[in-house]
Peer 1: 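Dropping the structure in here first, questions after.
Whatever order the structure lists them in is the order used to number ligands and atoms, beginning at 1.
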Amino acid sequence: MQRIMITGGAGFLGSHLCDSLLKDGHDVLCIDNFFTGSKVNVSHLLTNPSFELMRHDVTFPLHVEVDQIYNLACPASPVHYQHDPVQTTKTSVHGAINMLGLAKRLKARIFQASTSEVYGDPEIHPQPESYWGRVNPIGPRSCYDEGKRCAETLFFDYHRQHDLDIKVVRIFNTYGPRMHPNDGRVVSNFIVQALKGQDITIYGNGQQTRSFCYVDDMVEGFLRMMGTERGFTGPVNLGNPGEFTMLELAEKVLSLVGSKSKLVFMPLPVDDPKQRQPDITLAKEKLDWTPKVNLEDGLKETVYYFRNLLSA
Ligand code: NAD
Ligand code: UDP
Ligand code: UDP
């Protein structure tokens with residue numbers, strides 16, 4: 001049994017990670033400022049004596065005693081991270097410094113939720129960890145992309161300079177129950193629009209691609225990464241290599257929901273990556289991890305969640 005802290009623990013991925021760690025018998029300290037996360041995501045855990053919820057913004061120092069840290073705090077959807085871009089960079093950079101300072105004092109293992117966005121709009125396809133990426137440093141996505149890149153730099157410098165025990169994963173698009181219905185990401189947008197009979201908003205011509213991983217597979221990848229031997233730092237790509245255009249995703253959602261919503265085409269956001277697919281060779285080798293849930297099955301679970309949410 002370990003005392004494990006999760007920053008951003010009331011968010012989409014963080015709340016599922018809380019569930020898994022509690023199921024494995026650990027003590028969980030969930031830290032969140034509820035910017036994009038919600039108490040509702042962890043309300044079912046509040047009566048569990050092994051669970052503790054603390055409102056805190058990671059851009060400020062934090063003094064607690066734990067054995068392991070998962071650093072997930074950061075808005076993840078383009079709409080939310082661009083809402084207050086300065087705060088987004090602060091969360092990634094000051095947040096990383098504070099959590100790394102905490103891990104250094106405690107000699108605790110620390111995990112960083114990095115992102116496929118460190119590859120920017122990639123020219124290498126699929127993306128291996130060795131690819132340095134193609135990121136615009138001054139665009140509307142830069143607060144997130146460069147913030148996460150700088151956080152990786154900090155993790156590796158604390159590792160080299162202070163011998164910190166770090167674990168860095170680069171997460172590719174992940175979806176599932178507890179995504180925020182208004183968070184603007186494509187899977188939640190399409191499902192909510194289909195369920196409400198609203199137009200499906202395709203940005204650009206819909207030919208851009210993403211690779212979608214179901215949340216349960218992702219959380220399993222986190223746990224396996226955290227269980228690797230000291231000295232194995234990553235970065236490791238985690239994602240499902242199944243690659244789809246946004247038009248294909250829209251068709252799948254419409255048929256699963258049984259919706260007659262029309263497709264409408266809207267302007268492509270600035271710097272929207274054209275293609276994205278993880279090369280997961282390293283995760284397969286080092287973590288013996290490969291995603292199990294295909295897009296159709298994962299979407300069914302997610303549609304079921306949103307159907308209940310919207311009818312409640
Ligand atoms: P999310 O928005 O649901 O979760 C982020 C959580 O962090 C929220 O609960 C939010 O309230 C909290 N938070 C934000 N700023 C904070 C701050 N300053 N202090 C404390 N808490 C703060 O998003 P998610 O999809 O669960 O993403 C979790 C992590 O995984 C993020 O770091 C994100 O960058 C990363 N990630 C997610 C995806 C994905 O597809 N879901 C892809 C790549 C990376
Ligand atoms: N920090 C923290 N909790 C701790 C220890 C440190 O929040 O338990 C913060 C601290 O406020 C500092 C940051 O982590 O701003 C980096 O700490 P570190 O010891 O690496 O650097 P220094 O304090 O020397 O700047
Ligand atoms: N997208 C879309 N319609 C929407 C929301 C998003 O066509 O309502 C597109 C978006 O332009 C991008 C892809 O879907 O090409 C994935 O967007 P998301 O915001 O989910 O994630 P990210 O761009 O960070 O991968």
Peer 1: Answer side chain, backbone, both or neither: which part of N173 comes under 4.0 Å from ligand 3, heavy atoms only.
Peer 2: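 Looking at N173 and ligand 3, just side chain atoms fall under 4.0 Å.
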Peer 1: Give yes if a backbone or side-chain nitrogen or oxygen of P61 is under 3.5 Å from a nitrogen or oxygen of ligand 2, and no if not.
Peer 2: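 By distance alone, the answer is no.
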Peer 1: Give yes or no for whether the N/O distance cutoff of 3.5 Å, strictly under, is met between S114 and ligand 1.
Peer 2: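 By distance alone, the answer is no.
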Peer 1: Consider ligand 1: state whether an atom of it lies below 4.0 angstrom from any non-hydrogen atom of K148.
Peer 2: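 Under 4.0 Å: yes for K148.
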Peer 1: Tell me which protein heavy atom sits closest to atom 24 (O) of ligand 3, plus the residue, atom name and distance to 0.1 Å.
Peer 2: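 The closest one turns out to be R141 NH2, 3.1 Å.
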Peer 1: Could a heavy atom of K90 be found less than 4.0 Å from some atom of ligand 1?
Peer 2: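 Judged by the 4.0 Å heavy-atom criterion, K90 does not count as contacting ligand 1.
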Peer 1: What do you reckon, does S77 put a non-hydrogen atom under 4.0 Å from ligand 1?
Peer 2: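 In this structure, S77 fails to qualify as a contact of ligand 1 - no heavy atom is under 4.0 Å.
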Peer 1: With a 4.0 Å cut-off on heavy atoms, is A10 in contact with ligand 1?
Peer 2: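 So A10 counts as touching ligand 1.
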Peer 1: Between R185 and ligand 1, which residue portion shows a heavy-atom distance shorter than 4.0 Å: side chain, backbone, both, or neither?
Peer 2: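 The answer is the side chain.
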Peer 1: Give the cluster check for F190 versus F12: same hydrophobic cluster or not, with ILVMFWY residues linked at side-chain heavy-atom distances below 4.5 Å.
Peer 2: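 Hydrophobic grouping puts F190 with F12.
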Peer 1: Under a 4.0 Å heavy-atom limit, does R185 contact ligand 3 with its side chain, its backbone, both, or neither?
Peer 2: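 Both of them.
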Peer 1: If you measure from atom 5 (C) of ligand 1 to every heavy atom of G37, S116, C74, A113, which option wins on shortest distance?
Peer 2: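 When every heavy atom of G37, S116, C74, A113 is considered, C74 comes closest to atom 5 (C) of ligand 1.
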Peer 1: Heavy atoms only, cut-off 4.0 Å: how does N189 contact ligand 3, side chain, backbone, both, or neither?
Peer 2: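 The answer is the side chain of N189.
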Peer 1: Would you please classify the geometry between the Y119 ring and the Y131 ring as parallel, tilted or perpendicular, with 30° and 60° separating the classes?
Peer 2: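 Y131 vs Y119 ring planes: parallel.
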Peer 1: To check your reading of the model: name the closest protein heavy atom to atom 6 (C) of ligand 2, its residue, and the distance in Å.
Peer 2: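 Checking every protein heavy atom, the shortest distance to atom 6 (C) of ligand 2 gives G101 C, 3.6 Å.
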Peer 1: With heavy-atom distances below 4.0 Å as the criterion, list the atoms of ligand 3 near I202.
Peer 2: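 In order of number, 7 (O).
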Peer 1: Does the residue Y175 have a heavy-atom contact with ligand 1, meaning some pair of atoms that are separated by less than 4.0 Å?
Peer 2: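 Per 4.0 Å heavy-atom rule, Y175 does not contact ligand 1.
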Peer 1: Considering only protein heavy atoms, which is closest to atom 1 (N) of ligand 2, and at what distance to one decimal place?
Peer 2: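 Its nearest protein heavy-atom neighbour is N98 O, 3.9 Å.
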Peer 1: Just to be sure I read this right, does ligand 3 sit under 4.0 Å from the backbone of D272, its side chain, both, or neither, counting only heavy atoms?
Peer 2: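 Side chain only.
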Peer 1: Would you kindly specify which portion of R276 sits under 4.0 Å from ligand 3, judged on non-hydrogen atoms: side chain, backbone, both or neither?
Peer 2: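 The side chain, only.
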